[in-house]
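Contents: one structure, followed by commentary.
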Amino acid sequence: MRRLLLLAGGGAAAAALAFGALAMRRADARPADAGAEVATLSRSIAFFEQRLAADPENFLAAGHLADRYLLRYQLAAGEGDVRRAEQVAHAALRVAPNRAGAFARLSSIHLTQHEFADALSAAEQGVAADSADAAALAALYDAAMASGRYGRAMWAAGRLPVGSPAREIRTAGWLAAQGEVQAAHAMLERTCQGFRDESLRPQMVAWCLTELAGLRNDARGPAAARALLNEALRVQPGYRGAVEGLAALAHAEGDWKESARLYGSIASDAHPDIHLRLAEAHRALGDPAAAARHEQAFLRVASRPESEPLHAHPLALFYAAAPATRDAALAVAMRDVRRRPVVESWDVLSWVRFQRGELGQALAASDSAAAWGAPSPTMQYHRARILRALGREGEAAPLLREALRRPDLLEPEVRRELSASRGG
């Protein structure tokens, strides 16, 4: 499982909603399955679409509509909802009296689509409109973190209201990125309990519990993480993030049948990397034809030029695995670093360079990945392999030992390579 999901685009959008208009208390606190929640959202969307059509200047209706499009995307992964949310959010900027909040909403929508420069620009405009607006500051933190502007992100987080969910969520993300997993876990656990106590919408509670599960997996192991994910599903039956988390745990444990079942239940074009996990599971289950179909499904979506910013990391790693496509892997990885010079992008570039035998350039990219924050086990593994290939065994050995201490925390690509090298 990934350590903390909120730093990615979709997670950032959900985090923004955690203290926005849709984090309201529910009169009916009983859990509803995802299908029922989508149906409720769809009715609400139709209502606000009608309101906005009748009165295009109604900024309140526009804001509610954009938020609900994003929430439905979180539940149902319909890519059209994100595009519609962006259109409505842009239109709302003309009439919204709270321009800081309107820019914050637009930033989170851009970030969901991995439009990093646009997300950062919108967030900066929101803060310029009102430097004390919590939504704008939170959006700036999210966009800056996703863009590799770590100093700017820390500035924004420090100006969020002390004790607010917005600040606690971002502080937990920052602590996790620094390797302070226990402190991050404690902070996010308090936030999730607050969400429970306040009877927020089930989706928001489920989102928080799913985020917390990533940290708990690091701190206490997969059994503890699985318990949280199952709780998230009791709160919001069918919640996609929790299903993906359970699938990732099964995948890491080599439970291929369960992995294929869970990933198969949430596969969609909005998240084509899931097809790669399905390909691995079906190959392990002895069905190479199904594995090939899922790989083609991944490439069909991820290799589109307009889709590359969303899926550059898995696409570059997929291409890097085969000598015939390593030129393409390098091109994808280099474009991604230019778009988004975060540590994860530098790490992917380092591994692509390593696979191409470009060891000096691989180490330079790895140095950039190691320049901020605490490395993940996968980053440690990549750097150890590069250092070993350069003959620097004294530096490589301790990194490799630490990376392999919890093999279940390694990314699937690394686990697959380790299995192949051992003949398993």
Side-chain angles (χ1 to χ4, degrees), residues 2 5 7-11 79 82 110-120 143 145-149 267-280 291-372 375-376 378-379 381-383 385-386 389 410-417:
R2 290 166 289 179
L5 307 182
L7 301 184
E79 292 175 291
V82 181
H110 282 309
L111 197 54
T112 297
Q113 300 173 90
H114 286 202
E115 296 167 349
F116 303 111
D118 290 339
L120 188 59
M145 285 292 287
S147 304
R149 297 282 302 278
S268 73
D269 281 0
H271 303 283
D273 56 311
I274 288 175
H275 285 293
L276 291 180
R277 306 290 83 83
L278 283 164
E280 293 164 5
R293 286 195 300 272
H294 282 294
E295 287 179 347
Q296 288 304 309
F298 167 74
L299 288 171
R300 174 177 55 80
V301 177
S303 63
R304 299 172 189 159
E306 68 273 16
S307 298
E308 185 183 294
L310 280 165
H311 313 299
H313 291 178
L315 183 62
L317 292 171
F318 180 81
Y319 282 151
T325 51
R326 284 177 184 158
D327 286 349
L330 181 61
V332 171
M334 290 184 69
R335 285 194 294 267
D336 190 60
V337 162
R338 286 194 293 271
R339 272 191 307 263
R340 186 191 186 196
V342 294
V343 294
E344 295 86 357
S345 298
W346 283 112
D347 176 58
V348 169
L349 179 59
S350 78
W351 189 246
V352 171
R353 292 284 196 189
F354 171 78
Q355 294 285 61
R356 291 168 57 86
E358 300 164 354
L359 299 182
Q361 291 164 299
L363 183 60
S366 180
D367 287 343
S368 294
W372 182 86
S376 69
T378 292
M379 290 170 63
Y381 176 83
H382 287 165
R383 186 169 178 83
R385 289 289 306 278
I386 293 166
L410 293 165
E411 292 297 318
E413 294 81 5
V414 176
R415 295 198 301 269
R416 184 173 65 248
E417 179 181 285

Checklist outcome for this item: Those residues at least two apart in sequence (or on a different chain) that pass side-chain hydrogen bond (donor to acceptor under 3.5 Å, both in side chains) with E417 are Y381, R385
Item to check | side-chain contact (heavy atoms from CB on, under 4.5 Å) partners of A117, counting only residues at least two apart | outcome: none
Item to check | Residue pair V352 / M334, side-chain heavy-atom distance below 4.5 Å | outcome: no
Checklist outcome for this item: So OG1 of T325 and CG of L299: to nearest 0.5 Å the spacing works out to 9.0 Å
Checklist entry - If every non-hydrogen atom of A329 is compared with every non-hydrogen atom of A320, which pair is closest and at what distance? => result CB-N, 3.5 Å
Item to check | Value rounded to 0.5 Å, distance of CD in Q361 from OG in S350 | outcome: 12.0 Å
Checklist entry - Does L410 offer a backbone N or O that forms a donor-acceptor pair with the side chain of T378 under 3.5 Å? => result no
Item to check | Under the side-chain contact (heavy atoms from CB on, under 4.5 Å) test, residues paired with A328 that sit two or more places apart | outcome: Y319
Item to check | Beyond-backbone contact of I274 with S268, side-chain heavy atoms, under 4.5 angstrom | outcome: no
Item to check | N/O donor-acceptor pair under 3.5 Å between S366 side chain and L363 backbone | outcome: no
Checklist entry - Looking only at heavy atoms, what is the nearest atom pair of A312 and V332, with distance? => result O-CG1, 3.6 Å
Checklist entry - Would you say the side chain of V348 lies within less than 4.5 Å of the side chain of D336, judging by non-hydrogen atoms? => result no
Next on the checklist: Between R383 and D367, is the salt bridge (Lys or Arg N to Asp or Glu O under 4.0 Å) condition met? List the steps.
Outcome noted: CA-CA 9 Å; R383 186 169 178 83; D367 287 343; 2.9 Å; yes
Next on the checklist: With a 3.5 Å distance limit and no angle check, can you tell me whether H294 reaches the backbone of L278 through a side-chain donor-acceptor pair?
Outcome noted: no
Checklist entry - Which class fits the ring pair H114 and F116: parallel under 30°, tilted 30 to 60°, perpendicular over 60°? => result tilted
Next on the checklist: Could you work out, with side-chain contact (heavy atoms from CB on, under 4.5 Å) as the rule, every residue matching V337, not counting sequence neighbours?
Outcome noted: S345, W346, L349
Checklist entry - Which residues pass the side-chain hydrogen bond (donor to acceptor under 3.5 Å, both in side chains) test with Q355, sequence neighbours left out? => result none
Next on the checklist: Filter on salt bridge (Lys or Arg N to Asp or Glu O under 4.0 Å), then keep only pairs touching residues 307-322, sequence neighbours left out; what's left?
Outcome noted: E308-R335, E308-R339
Checklist entry - Is any side-chain N of the basic residue among R300 and D269 closer than 4.0 Å to the acidic one's carboxylate O? => result yes
Item to check | Set of salt bridge (Lys or Arg N to Asp or Glu O under 4.0 Å) partners for R277, sequence neighbours left out | outcome: E280, E413
Checklist outcome for this item: Sequence neighbours excluded, the answer for side-chain contact (heavy atoms from CB on, under 4.5 Å) partners of R149 is L120, A144, S147, R152
Next on the checklist: Per the ring-ring contact (aromatic ring centres under 6.0 Å, His included) rule, what does the pair list look like for residues 295-318, sequence neighbours excluded?
Outcome noted: F298-F318
Checklist entry - Please, which pairs that meet salt bridge (Lys or Arg N to Asp or Glu O under 4.0 Å) have at least one residue in residues 355-366, sequence neighbours excluded? => result D327-R356, R353-E358, R356-E358
Checklist entry - Which atom names give the shortest non-hydrogen contact between P375 and M379, and what distance separates them? => result CB-CB, 4.0 Å
Next on the checklist: I want to check something: taking the side chain as every heavy atom from C-beta on, are L111 and D118 in contact at a cut-off of under 4.5 Å?
Outcome noted: no
Next on the checklist: Among residues at least two apart in sequence or on other chains, which ones pass side-chain hydrogen bond (donor to acceptor under 3.5 Å, both in side chains) with E295?
Outcome noted: R283
